[in-house]
Amino acid sequence: MEREHQGCLIGIGMVAVCGAILFVAYKWDIPFLKCVCYLLPALIGSYIGSQYFSNEKQRVKNRFSRRTWSWLVVGFFLLAALLAWLFEGRLW
């Protein structure tokens with residue numbers, strides 16, 4: 001399977017997971033999960049775009065290390081928590 005098709009399948013799978021999490025967030029009214037699901041497509045898009053939709057030369061040049069990705073994920077969750085607290089006044 002071509003790399004672009006793999007990237008599309010990963011993107012579709014992650015959107016399905018995001019939809020399931022969003023369903024749970026609205027079912028039990030959890031503001032933190034709502035904000036995570038609103039921000040998750042941006043994180044998914046940046047990962048898939050850098051890994052699957054660039055040529056080999058760009059992929060090697062612009063590759064993030066695992067440490068960078070881990071910091072991005074931590075920042076992502078902190079931003080989601082901050083937005084949930086600002087918008088709703090609570091995290092859960």
Side-chain angles (χ1 to χ4, degrees):
M1 189 182 293
E2 296 178 20
R3 288 189 63 81
E4 292 85 8
H5 292 150
Q6 290 174 350
C8 288
L9 290 176
I10 290 172
I12 291 169
M14 291 304 293
V15 167
V17 168
C18 183
I21 294 171
L22 195 60
F23 175 76
V24 169
Y26 275 104
K27 179 94 171 148
W28 287 298
D29 191 31
I30 303 172
F32 176 71
L33 288 180
K34 290 177 192 175
C35 288
V36 165
C37 286
Y38 296 151
L39 297 174
L40 193 59
L43 191 64
I44 293 169
S46 64
Y47 174 75
I48 290 174
S50 68
Q51 293 295 319
Y52 293 99
F53 293 112
S54 59
N55 60 26
E56 186 64 34
K57 188 176 181 181
Q58 288 176 335
R59 201 175 3 229
V60 171
K61 179 182 172 190
N62 298 331
R63 178 169 289 171
F64 284 161
S65 65
R66 286 187 180 168
R67 183 177 180 199
T68 304
W69 277 112
S70 62
W71 280 112
L72 282 172
V73 169
V74 167
F76 167 79
F77 283 122
L78 288 175
L79 179 63
L82 177 69
L83 290 175
W85 181 70
L86 287 175
F87 292 150
E88 301 280 338
R90 61 189 173 94
L91 294 178
W92 304 108

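What you are looking at is a predicted structure, and each value in this text was computed from that prediction instead of being measured.
In this structure, the separation between CH2 on Trp85 and CZ on Phe32 is 15.0 Å, given to the nearest 0.5 Å. Here the CG-OH distance, from Leu83 to Tyr38, works out to 11.5 Å after rounding to the nearest 0.5 Å. Between Phe23 atom CZ and Cys37 atom SG the span is 12.5 Å, to the nearest 0.5 Å. Atom CD1 of Ile30 and atom CG of Leu22 lie 11.0 Å apart (nearest 0.5 Å). Rounding to the nearest 0.5 Å gives a distance of 8.5 Å between SG of Cys35 and CG of Leu79.
Under the 4.5 Å side-chain heavy-atom criterion for ILVMFWY residues, a single connected hydrophobic cluster contains both Leu39 and Leu86. Both Trp28 and Val17 belong to a single network of hydrophobic side chains, linked directly or stepwise wherever heavy atoms of I, L, V, M, F, W or Y lie under 4.5 Å apart. Hydrophobic clustering places Phe87 together with Phe76 (ILVMFWY residues linked when any side-chain heavy atoms are closer than 4.5 Å, directly or through intermediates).
Contacts of Trp69 classified as side-chain contact (heavy atoms from CB on, under 4.5 Å), with partners at least two apart in sequence or in another chain: Leu43, Ser46, Tyr47, Ser50, Phe64, Leu72.
At least one side-chain heavy atom of Lys34 sits under 4.5 Å from a side-chain heavy atom of Tyr26. Side-chain contact between Val15 and Leu40 is absent, with no heavy-atom pair separated by less than 4.5 Å.
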